[in-house]
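Side-chain atoms are counted along with the backbone in the values below, which use heavy atoms only and exclude waters and symmetry mates.
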Amino acid sequence: MTAETPVPGEPETVTKTGPAPTPAQTKSVWWEEVKGILWLILAVLGFHSFIAKPFYIPSESMMPILRTGDRLVVTKYPYGWSFISPTIPNPAAIFRSLVLHQPEESWGVQLPFVHGRLFGRLPIRGDVVIVTPPGRNTDYIKRLIGLPGDRLQVRGGVLYINGKAVRRGPIHDVLVPVDTNLPCTDNEYPGALETAADGQQYCRLPIVTETLPNGRRYDTVELGYSPGDNYGPITIPAGHVFLMGDNRDRSSDSRFPLGEPDLGLGGAVPWEYVGGRAEFITFSLDGTASWNPLTWWGALRSGRAGNSLHPQETAK
């Protein structure tokens with residue numbers, strides 16, 4: 001019996017052969033794969049540019065509502081779109097940062113300034129927004145305090161809008177758990193570090209609740225005197241907004257010139273530089289996570305995911 005002779009009672013196996021793919025066919029399949037990836041990248045960039053994008057909190061300027069290590073969602077459409085809205089990656093900056101480990105202000109490319117906004121709407125006083133300081137290419141996150149035409153002043157740490165002091169509640173303390181992303185050093189929060197009976201360390205923050213003229217309220221950190229406790233008065237120009245951090249004594253915001261201290265916003269900011277509205281926290285990390293995925297779960301802070309970043313509403 002030869003190899004070509006079928007075995008009685010068994011199905012005959014037929015091997016079909018065809019011509020090998022031509023170089024043109026191979027190139028076509030390869031190009032279809034590349035196009036699919038490119039369309040996916042464009043879809044993600046389009047979503048980030050016009051709908052929403054993730055945001056990472058790198059500082060404590062918005063304590064107590066936001067902590068270093070929080071991840072949140074910022075929507076792009078509530079105020080319309082401006083030149084600052086598009087998300088355009090800069091491959092050269094990404095390469096220098098990831099491969100060469102060189103410091104980069106941003107991984108993105110910023111378009112030239114253009115006046116106005118497409119379908120523009122002014123933010124509501126009290127919104128938490130992202131903003132790009134004029135002349136820079138990095139995002140800050142602050143609370144919108146002043147609108148065009150407002151007469152604004154800070155006197156003795158008290159905020160005045162159009163000649164009236166913003167309503168402030170009594171000082172009360174909040175205990176925030178200490179971790180790698182919130183070390184609660186004496187330099188930043190003198191005498192605030194406490195250790196509980198179970199060994200857990202906390203940062204005791206003095207909190208004042210502010211209520212804006214439109215009835216929106218939120219908590220601020222009141223650490224005592226700081227250079228930003230006296231500012232103005234100024235009248236906010238047309239097409240500009242005034243922004244402040246909730247951690248009033250540890251925030252570089254509209255009260256400080258560009259680059260002072262630690263990169264202020266240089267006064268009221270043209271509203272074109274406002275990139276979107278902060279909505280809610282997706283998750284938060286305590287700073288112990290590494291590139292090893294096994295460390296990610298243990299680094300999650302409990303009780304942070306899903307927290308809304310919209311101010312509470314009260315009667316005016």
Side-chain angles (χ1 to χ4, degrees), residues 42-59 61-62 65-66 70-88 106 108 110-111 113-134 136-150 152 161 166 210-220 236-246 251 253-254 265 268-284 304-314 316:
L42 288 175
V44 171
L45 293 178
F47 189 87
H48 282 188
S49 297
F50 302 109
I51 307 300
K53 76 170 188 177
F55 192 81
Y56 163 73
I57 301 300
S59 74
S61 70
M62 283 298 291
I65 192 173
L66 288 170
D70 284 348
R71 270 70 170 179
L72 50 98
V73 169
V74 171
T75 50
K76 292 295 192 74
Y77 55 83
Y79 316 130
W81 298 274
S82 71
F83 80 100
I84 212 73
S85 300
T87 298
I88 307 173
S106 172
Q110 187 180 110
L111 297 177
F113 178 81
V114 177
H115 283 285
R117 303 183 75 98
L118 181 64
F119 304 116
R121 295 176 297 279
L122 275 173
I124 300 173
R125 197 192 309 274
D127 282 352
V128 177
V129 304
I130 59 168
V131 59
T132 302
R136 300 194 59 82
N137 191 20
T138 187
D139 290 330
Y140 284 25
I141 186 161
K142 304 295 177 185
R143 190 176 299 277
L144 190 139
I145 298 297
L147 294 170
D150 282 344
L152 189 142
I161 299 177
V166 166
E210 285 187 350
T211 303
L212 294 173
N214 60 0
R216 306 181 95 190
R217 61 186 176 91
Y218 48 86
D219 289 338
T220 64
I236 300 174
H240 288 62
V241 293
F242 197 90
L243 305 165
M244 297 175 69
D246 290 349
S251 173
D253 49 42
S254 287
L265 294 177
V269 178
W271 76 320
E272 290 90 349
Y273 287 91
V274 175
R277 182 179 68 196
E279 302 293 346
F280 60 90
I281 297 172
T282 52
F283 65 96
S284 183
R304 301 294 294 164
N307 287 356
S308 173
L309 300 176
H310 295 183
Q312 295 180 320
E313 307 280 350
T314 60
K316 296 182 183 180

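Rounded to the nearest 0.5 Å, atoms CZ (R136) and OH (Y273) are 12.5 Å apart. Between the OG1 atom in T132 and the OH atom in Y140 there is a gap of 10.0 Å [rounded to 0.5 Å]. Between L72 atom CG and F283 atom CZ the span is 10.0 Å, to the nearest 0.5 Å. Separating the OG1 atom in T211 from the CD atom in Q312 is a distance of 9.5 Å, to the nearest 0.5 Å. With rounding to the nearest 0.5 Å, the separation of CD1 in I145 from CG in L243 is 8.5 Å. Note that the CG atom of L66 and the CD1 atom of I281 stand 5.5 Å from one another [nearest 0.5 Å].
Using modelled atom types, no side-chain atom of S254 and backbone atom of F242 make a donor-acceptor pair closer than 3.5 Å. Side-chain atoms of R71 never come within 3.5 Å of backbone atoms of F55 as a donor-acceptor pair (strictly under, hydrogens ignored). A side-chain donor-acceptor contact under 3.5 Å links K76 to the backbone of S85. Side chain of R117 to backbone of W271: a donor-acceptor contact under 3.5 angstrom is found. Judged by distance alone, the side chain of H240 and the main-chain N or O of A238 form a donor-acceptor pair under 3.5 Å. Panel note: side chain E272, backbone G116; a donor-acceptor pair is recorded below 3.5 Å. With hydrogens and angles ignored, the 3.5 Å screen pairs a side-chain donor or acceptor of S106 with a backbone N or O of G108. Panel note: side chain D253, backbone G245; a donor-acceptor pair is recorded below 3.5 Å. For R143 (side chain) and G126 (main-chain N/O), a donor-acceptor pair under 3.5 Å exists by modelled atom type.
Ring pair Y79/F119: centre-to-centre distance not below 6.0 Å.
Using modelled atom types and a 3.5 Å distance limit, the side chains of T220 and D246 yield no donor-acceptor pair.
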Exercise for the section: Would you sort out whether I65 and D219 count as a side-chain contact (heavy atoms from CB on, under 4.5 Å), showing the intermediate values? Expected result: CA-CA 7 Å; I65 192 173; D219 289 338; over 6 Å; no

Handout entry: Evaluation steps, side-chain contact (heavy atoms from CB on, under 4.5 Å), between I236 and V241
Key = CA-CA 7 Å; I236 300 174; V241 293; 5.8 Å; no

Exercise for the section: Might you work through the side-chain contact (heavy atoms from CB on, under 4.5 Å) test for M62 and D70, ending with a clear yes or no? Expected result: CA-CA 11 Å; M62 283 298 291; D70 284 348; over 6 Å; no

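Counting heavy atoms from C-beta outward, P54 and T282 have side chains that stay 4.5 Å or more apart. Considering only heavy atoms from C-beta on, L45 stays 4.5 Å or farther from I88 through its side chain. You'll find the side chain of F83 reaches within 4.5 Å of the side chain of Q110, heavy atoms only.
Looking at every heavy atom in both residues, I84 comes nearest to G275 through CG2-CA, 3.8 Å. Residues A278 and V74 come closest through the heavy atom pair CA-CG2, 4.2 Å. Residues R125 and G146 share a closest heavy-atom pair of NH1-CA, 3.9 Å. Heavy-atom minimum distance, S82 versus P86: O-CD, 3.6 Å. Taking all atoms of both residues into account, the shortest heavy-atom contact from D150 to L147 is OD2-N, 2.8 Å.
None of D139, T75, T87 except one satisfies the side chain to side chain donor-acceptor pair (under 3.5 Å) rule with K53; the exception is D139.
A salt bridge is absent between E210 and R217: the closest approach of a Lys/Arg side-chain nitrogen to an acidic carboxylate oxygen does not fall below 4.0 angstrom. The pair D127-K142 does not count as a salt bridge, with every side-chain nitrogen at least 4.0 angstrom from each carboxylate oxygen.
Here F50 pairs with W81 under the side chain to side chain contact (heavy atoms under 4.5 Å, CB included) rule; sequence neighbours left out.
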